[in-house]
Number of protein chains: 2
Amino acid sequence: MAEIRSPSSVRSRIVEVADRLFYERGFEATSFADIATDTGLSRGNFYYHFKSKDEILAAVISLRMARTREMLTVWESETPEPADRMLAFANILITNRAKIMAHGCPVGTLCAELAKLEHGAQDEAATIFTLFRDWLTRQFVALGRADNADALAMHVLMRSQGIASLATAFRDEAFIAREVDALAAWLSHPKL
Amino acid sequence: MAEIRSPSSVRSRIVEVADRLFYERGFEATSFADIATDTGLSRGNFYYHFKSKDEILAAVISLRMARTREMLTVWESETPEPADRMLAFANILITNRAKIMAHGCPVGTLCAELAKLEHGAQDEAATIFTLFRDWLTRQFVALGRADNADALAMHVLMRSQGIASLATAFRDEAFIAREVDALAAWLSHPKL
DNA sequence: ACGCATATAGGTCAATTGTCCTATGGCTAG
DNA sequence: CTAGCCATAGGACAATTGACCTATATGCGT
């Protein structure tokens with residue numbers, strides 16, 4: 001009866017489904033029953049792969065970090081100009097506008113929720129932001145702005161978060177496009 | 001045995017406690033038991049004042065709208081220069097930095113949570129943003145920027161949200177101060 | 001002093017939650 | 001072919017949730 005899958009495949013499928021549900025509905029609002037439905041597995045079976053829901057959250061954060069690292073690496077290897085790389089970063093907001101208008105930024109909303117829950121994984125979630133922060137800092141250093149590269153990086157990150165937040169509240173595509181343009185213009189002459 | 005309070009006082013105390021708890025812990029993570037503990041009332045008693053938890057949420061949103069309206073009115077009546085009024089807006093981030101680092105922006109985090117829950121009160125929560133948006137728009141109009149006053153207003157709102165989001169993730173007071181300064185500088189020569 | 005609408009307490013309810021347990025299926029090593 | 005481990009299913013668990021109910025206490029109008 002039971003379909004046979006390699007354990008790593010099942011484990012990663014649980015994590016991928018949880019990743020999507022945590023993003024769409026939030027961590028607390030996602031139950032084991034929800035993950036069971038979407039994976040097609042039985043509820044009790046999760047505890048063979050994970051000791052607790054928090055352990056699934058840790059795996060989801062690890063997955064998001066790995067994906068973020070890969071995305072940043074690709075940009076760094078495929079886009080020669082640091083300025084263009086950061087434009088690629090800004091364009092996530094355009095590419096993912098539908099999901100962002102529906103569920104916000106995956107990183108920002110997770111950090112916000114975990115902060116309210118006073119959840120232990122709060123700092124680990126913020127580490128995903130740190131990946132972007134350090135990557136952006138490196139781009140500004142490459143642009144000869146080593147003096148305040150981190151502050152400039154935080155400014156870019158700040159604007160991306162603000163855009164995502166208001167995009168969710170107002171669901172306004174034109175606003176996103178306008179602010180991404182403004183961010184792109186700022187990136188061509190970054191100053192604080 | 002039972003202490004006697006005027007009904008409106010009890011009702012508003014429920015709303016005020018719920019307002020604080022929804023902010024600190026989130027709407028879903030706050031239970032009737034939590035509100036009961038902090039109000040000193042019995043759980044069952046809530047249903048005399050509110051038909052459901054959603055009705056408490058609606059009252060909380062109304063309370064926040066009323067407080068926002070009052071705050072904006074005070075700024076408009078006590079601060080003659082529109083530019084200075086908007087500086088007062090930006091300074092909320094400094095004044096409330098401790099709470100923002102702990103729980104984020106009350107409006108932004110509520111909108112984000114309700115969006116994920118696909119909650120019916122989502123648009124009502126966004127209306128609080130609209131109060132700020134329209135108020136900021138009026139300030140830019142007063143500054144002679146009627147042509148794109150709304151876009152400028154959304155930009156200010158966007159930056160306040162971005163600052164709050166990263167303030168929660170990184171808990172960095174210096175970042176808040178730096179970005180509020182940058183926002184103040186932008187406000188002296190607003191351009192998109 | 002009395003009656004009645006208002007307000008409060010606290011119990012009860014089914015549903016859902018994360019967690020844990022056990023039985024059983026299938027695969028592989030020998 | 002068989003023994004044994006890996007993987008899965010599905011039920012059971014206590015705790016918690018939002019919601020509902022009823023009994024009782026309060027204070028006002030008369």
Side-chain angles (χ1 to χ4, degrees), chain A residues 1-22 24-61 110 113-114 116-122, chain B residues 1-22 24-61 110 113-114 116-122:
Chain A
M1 192 60 143
E3 205 177 322
I4 296 309
R5 288 178 277 258
S6 86
S8 67
S9 145
V10 168
R11 205 195 116 102
S12 59
R13 191 143 71 97
I14 293 174
V15 178
E16 277 161 22
V17 167
D19 172 51
R20 179 175 56 81
L21 291 177
F22 289 176
E24 291 176 354
R25 311 183 188 180
F27 169 68
E28 243 215 316
T30 299
S31 69
F32 274 85
D34 295 331
I35 304 176
T37 299
D38 282 27
T39 53
L41 301 169
S42 67
R43 283 153 292 142
N45 189 17
F46 292 125
Y47 283 82
Y48 179 78
H49 298 279
F50 300 96
K51 278 208 301 277
S52 68
K53 194 183 176 187
D54 287 348
E55 222 171 67
I56 297 184
L57 174 63
V60 165
I61 293 176
L110 180 63
E113 181 180 2
L114 296 183
K116 297 213 185 223
L117 297 176
E118 299 185 88
H119 194 287
Q122 194 180 346
Chain B
M1 192 58 142
E3 207 175 321
I4 297 308
R5 289 178 277 258
S6 86
S8 68
S9 144
V10 167
R11 206 195 114 102
S12 57
R13 191 143 70 95
I14 292 173
V15 177
E16 277 161 23
V17 167
D19 171 52
R20 179 175 56 81
L21 292 178
F22 289 176
E24 292 175 354
R25 309 182 189 179
F27 169 68
E28 243 214 281
T30 299
S31 69
F32 274 86
D34 295 331
I35 304 176
T37 300
D38 282 28
T39 53
L41 301 170
S42 67
R43 283 151 290 139
N45 188 16
F46 293 126
Y47 284 83
Y48 178 77
H49 298 278
F50 301 95
K51 277 207 303 276
S52 66
K53 195 184 176 187
D54 287 348
E55 222 171 68
I56 298 184
L57 173 62
V60 166
I61 292 175
L110 180 64
E113 182 180 2
L114 296 184
K116 298 214 185 221
L117 297 177
E118 299 185 86
H119 193 287
Q122 194 179 346

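Proteins get letters first, then strands, A, B, ... in listed order; numbering begins at 1 in each.
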For atom [atom1] of [X] and atom [atom2] of [N], their distance in whole Å:
X: A:Lys51; N: C:dC21; atom1: NZ; atom2: C1'; answer: 17 Å
X: A:Phe46; N: C:dT17; atom1: CZ; atom2: C1'; answer: 14 Å
X: A:Asn45; N: C:dG26; atom1: CG; atom2: P; answer: 15 Å
X: B:Arg11; N: C:dA7; atom1: CZ; atom2: C1'; answer: 14 Å
X: B:Phe50; N: C:dA7; atom1: CZ; atom2: C1'; answer: 14 Å
X: B:Glu55; N: D:dG18; atom1: CD; atom2: P; answer: 15 Å
X: A:Ile56; N: C:dT19; atom1: CD1; atom2: C1'; answer: 12 Å
X: B:Lys53; N: D:dC20; atom1: NZ; atom2: P; answer: 15 Å

Exercise. Does A:Asp34 or A:Gly44 map to a spot on DNA chain C nearer the 5' end, using the closest nucleotide for each?
Worked result: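 First, find each residue's nearest nucleotide; the 5'-ward one identifies A:Asp34.
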Exercise. Between A:Phe32 and B:Arg43, which has a closest nucleotide on DNA chain C that is more 5'?
Worked result: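 The 5'-side residue here is B:Arg43.
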Exercise. Side chains of A:Asp34 and A:Ser31: donor-acceptor distance under 3.5 Å anywhere?
Worked result: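 A:Ser31 and A:Asp34 do have a side-chain donor-acceptor pair below 3.5 Å.
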Nearest listed nucleotide, side chain of [X], among [options]:
X: B:Tyr47; options: D:dG10, C:dA9, D:dG18; result: D:dG18
X: A:Ser42; options: D:dT17, D:dT8, C:dT17; result: D:dT8
X: A:Ser31; options: C:dG18, C:dT8, D:dT8; result: C:dG18
X: B:Tyr48; options: C:dA7, D:dA7, C:dG18; result: C:dA7
X: B:Ala33; options: D:dG11, D:dT17, C:dA9; result: D:dT17

For this session: Decide yes or no for A:Leu110 and A:Phe22: does some side-chain heavy atom of the first lie under 4.5 Å from some side-chain heavy atom of the second?
Result: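 A side-chain contact is absent here, since even the closest heavy-atom pair is not under 4.5 Å.
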For this session: Taking the side chain as every heavy atom from C-beta outward, state whether B:Leu21 and B:Phe27 have any atom pair closer than 4.5 Å.
Result: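 A side-chain contact under 4.5 Å is absent here.
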For this session: Using atom types as modelled and distance alone, determine if a side-chain donor or acceptor of A:Lys116 lies under 3.5 Å from a backbone N or O of B:Ala29.
Result: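 Between the backbone of B:Ala29 and the side chain of A:Lys116 there is no qualifying donor-acceptor contact (under 3.5 Å).
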For this session: Keeping the roles fixed (side chain from B:Glu113, backbone from B:Glu28), state whether a donor-acceptor pair exists under 3.5 Å.
Result: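 Yes; judged by distance alone, with no hydrogens or angles, the pair exists.
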For this session: Return no unless some side-chain N or O of A:His49 is found under 4.0 Å from OP1 or OP2 of D:dT8.
Result: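 A:His49 to D:dT8 OP1/OP2: side-chain N or O found under 4.0 Å.
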